[in-house]
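The analysis underlying the following values was restricted to heavy atoms, covering all of them including side chains, and did not include hydrogens, waters or symmetry mates. In what follows, chains carry the letters A, B, and so on, assigned in the order in which the sequence lines appear, proteins first and then strands, with residues in each chain numbered from 1.
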Amino acid sequence: MQILITMQTMDYNHREIEKKWQKYWKDNKTFHVDIDHDKPKFYVLDMFPYPSGAGLHVGHPLGYIASDIFSRYKRHLGFNVLHPMGYDAYGLPAEQYAIQTGTHPAVTTEKNIKRYRQQLDQIGFSYDWDREVQTCDPKYYKWTQWTFIQLFKSWYNKKSNNAESIDALIKTFEREGNRNIEAAASQEEVFTADDWKQMDEKQQQEILMHYRLAYLSDTMVNWCPELGTVLANDEVKDGFSERGGHPVERKRMKQWSLRISAYAQRLLDGLEKIDWFDSLKEVQRNWIGRSEGASVMFSIDGFDETIEVFTTRPDTLWGATFMVLAPEHELLEKITGKDQKEKVEKYIHWAKNRSERDRISEVNKITGEFTGAYGINPVNGEAIPIWVADYVLSGYGTGAIMAVPAHDSRDFKFAMHFDIPIIQVVKQENEEISDPRTWEDSYDARDGLMINSGFITGKAVEEGIKATIEWLEEKELGEGKVNYRLRDAIFSRQRYWGEPFPIYYKEGMPYPLDESELPLELPDVDKYLPTESGEPPLARAKDWQTKEGYPLETNTMPGFAGSSGYYLRYMDPQNDRAYFSKEANTYWKDVDLYLGGDEHGTGHLIYARFWNMFLYDLGLVCEEEPFKKLINQGKIQGRSNFVYRVEGRNQFVSKGLRKEYNTTPLHVDIKLVENDVLDVEAFRQWRPEFADAEFILEDGKYICGWEVEKMSKSKHNVQNPDELIEKYGADTFRCYEMFLGPLETHKPWDTQGIEGVYRFMKKLWRLYHDKENNFLVSEDKPNKDELKVLHNTIKKVRNDIERYSFNTVVSNYMICVNELTDLKCNKRAILEPLTVLLSPYASHMAEELWSLLGHEGSISEVEFPEHNEEFIRENTFAYPVSFNGKMRFKIELPLDVSKDDAEKAVLGDERSEKYMGGKQAKRFIFVPKKIINIVL
RNA sequence: GCGGAUGUGGCGGAACUGGUAGACGCGCUAGACUUAGGAUCUAGUGCCUUCGGGCGUGGGGGUUCGACUCCCUUCAUCCGCACCA
């Protein structure tokens, strides 16, 4: 023990230093921020975590460290930095655990949050914890509920492109009906003011429901029986739930939805003014899925109804030889002929009961039935058969299409399969016309000339599209239209652990609670399961009704509800009269830098933008886009190790020799391996079955194989930050996570490399200390070399942080410390600025050194050093001299050397003779301060 | 199928607007100090080489005095979306 203590005090003692400064920061509220109009604001945000039971692994803090470094850096530059943290506390795992064990999810969540906080604190983050939010806290979700009520009370006016109040809409209805209203609405039946006044309240409420931005409707939902709830589109992957991987079915249910589709165009346009990765913007563009085309009305032979279709290729109308309706299409029942009824009903039944998985896996299976009805092609009056087939989706467009087999590959396959005529209407410029039935596939491209197409024959495709739309609009048979793939967000979950809706029911119609009754707190229940009759868990709550006795909504809100506006609440987290004050919002405005994983590209990041835009329309927030700059940090992958078991034996062969045996690779815990060398004794003790394992070694060692994989328990490659921080300290850990590689790329975690960074830390410490670890800094004037090292480093570090190149900053620190060590420099004039320079990364050590240097208070607000070009400037430059582009030697020349003098010097240099080979230089390339190239 | 990203030593990666490819670190080799070293320090380390030099940034082609960087083409890996009319 005595020896250990001596050893520790001999050198850099991260344990003591880090504990000391973490306490200091906490006691002094060093990172507490308030509005300060004398300073410019800067808002750095991390995507807040769901506190899972497993705690943090090495991959989680990567983004937090980067954002912390940036926050600290900005603080040094004099910004008032808002850098908060909180928890996305509602979530399925705690609820699943509650179902299994009866433990209230709040208990589990609280426990996990404590653990998260402890782990986060160890890393030394500069969060303002006074601003912490938890989405499951009634003080927080009061405002989630409040926003829902605002959505309920709003509609989207397409004329003003704004969310507006339902009360005002009602006034308009009373005055003039809805004929002049252009709304993003689910139904567009026209009524007059008189009609409106004739309706009873229920009817009026039903009409209004079609306009509300939060509305209740019968929708096809992704139902997950295992989880007992519906899921949003982005929560479903390949027909399985994203969380848990359970199968998902389509089901018709009454659900709350948010009319996010009203904002599709603005969500698309907004991408232009924000600084995000193009790849992420592209993901959002795809998700919004804008396509331009036309809606065309087809009348039905023998019926009054019409079928509306959406097409991006109205030019190919003359090639439409049949129509297809989705199995869910409402007209099917009406138009199906007597003779076809049985078959069509059977088909619809089959299609509706087909699981999502089957649909996906059997994409190439061609199925469908003829309905017996005919649609009339508006351009030429021809009757074309109407089919039903599930390759047409009810959720997109109108759920009905015109099929142009010659120019759409799905229609082509369908027509070939069912022997429906195919008419070519577009040809390539020099194409010989052939029978489409002999083609391998349709011709889908948007270029070529129109043929067989009435008045557009001979036109190019794009012109044909334009002309057809004009014609359709003139005849009132259709119109140009933009369609979006983005669907309204289903907002109900049949779950317990979520925000209750501030909604009660009167005569079956939903009404919002009065705002004074918020928050509507989550009630206790006896079990976290649905009721026997299939009602959501909240139906089990006693007295789940208003004071007046009206029943309350039993669904709860989805995970993305609480996370859609949390960045706003951080601006003014204690406010109990408003979501946030006007003052706070006009000061903090928006997030300047947002860091998080790219898995939120189509979920959270779309919902949050929508949420923000809505509040912007209400005039509550001052910026339309909430996240000015966004960086997706890459995932840290695991590096797994393998041992090779000889088949049928308890014998393991080292990697290099495994080819000589028949082996099976087994994951081995990375804790038992160092440098890919297995600790065979530890391995024997790892598991009873390996107790008498035998080993075939190479060079006396057992070498393991390795592979980069996802970090997971089952692969035994999880690296937990706690152990690393205990061993190397938070500063080393912070630097190493950054040193690993560029922030945005995925990279494997290498257990070894951290040693190198730790060595750097100790070397840095030693700059300020003598051999006995006594603090020793000289007051001598720095020399030129020392100043050059310092100022070069300042320049590079600033430049690299500014461009988010967090990894190269660490390299620059290392170079600087290596050079100062070589120069044996321990001068205050150099080390003091260096300490500040290091502070964003090695924050604890910087504080300690700063106080050892004799300063009071925290280093965190000390001005960041600026480089002085004078100290960097050189009088000469060592020009690399190339011959035909190959660098051969260097020549020192004055900085202001002229081209002629340079040429003389180079050609006069004896080293040149060899490379000239007696030839004349054809050209002499001279780029000042870059390079000299001689072309022979 | 569509879209996106990535490809540089044994490994992680540097090279910011075309200008010395391989910074920095790991690992490895040799040496020093040491009872010892998984501590520390020093030197070396892209590949090939007849020691002159040659070859090198996934492959092929192009632009250029000069290409990891720009253009075309091709391959590989990873990640999204996926019957979207």
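- Taking side-chain N and O atoms only, A/R803 has no distance below 4.0 Å to OP1 or OP2 of B/U17.
- Nucleic acid contact for A/N799: base, since at least one base atom lies under 4.0 Å from a heavy atom of the residue.
- Among the atoms of the strands shown, only primed sugar atoms or phosphate atoms (P, OP1, OP2) are found under 4.0 Å from some heavy atom of A/N807.
- One finds no side-chain N or O of A/K922 lying less than 4.0 angstrom from the OP1 or OP2 phosphate oxygen of B/C65.
- With P as the reference atom, B/U74 and B/U64 are 23 Å apart, rounded to whole Å.
- Contact annotation for A/V935: backbone-only contact, meaning every heavy-atom pair under 4.0 Å involves sugar-phosphate atoms and none involves a base.
- Considering only side-chain N and O atoms, A/S805 lies nowhere under 4.0 angstrom from the phosphate OP1 or OP2 of B/C16.
- Taken to the nearest 0.5 Å, the CD1 atom of A/I631 stands 7.5 Å off from the CZ atom of A/F70.
- For B/C79, neither phosphate oxygen OP1 nor OP2 lies less than 4.0 angstrom from any side-chain nitrogen or oxygen of A/N632.
- For A/R639, no side-chain nitrogen or oxygen approaches OP1 or OP2 of B/C11 to under 4.0 Å.
- Counting non-hydrogen atoms under 4.0 angstrom, A/S882 reaches nothing in the nucleic acid.
- Annotation: A/K788, atom NZ; neighbour count of heavy atoms from other residues, nucleotides and ligands within 6.0 Å does not exceed 12.
- Nucleotides B/C55 and B/G22 are separated by 15 Å at their C1' atoms, to the nearest Å.
- At B/C81, none of the side-chain N or O atoms of A/R285 fall inside 4.0 Å of OP1 or OP2 (strictly under the cut-off).
- For B/G27, the glycosidic angle deviates from 0 by more than 90°, giving an anti base.
- Glycosidic conformation, B/G44: anti, with the torsion outside 90° of 0.
- No engagement by A/R487 is indicated, since no non-hydrogen atom pair under 4.0 Å with the nucleic acid exists.
- Counted within 6.0 Å of NZ on A/K701, heavy atoms from surrounding residues, nucleotides or ligands total 12 or fewer; the atom is thus considered open.
- OP1 and OP2 of B/A23 both lie 4.0 Å or more from every side-chain N or O belonging to A/N812.
- Open room surrounds NZ on A/K930; 12 or fewer heavy atoms of other groups in view lie less than 6.0 Å from it.
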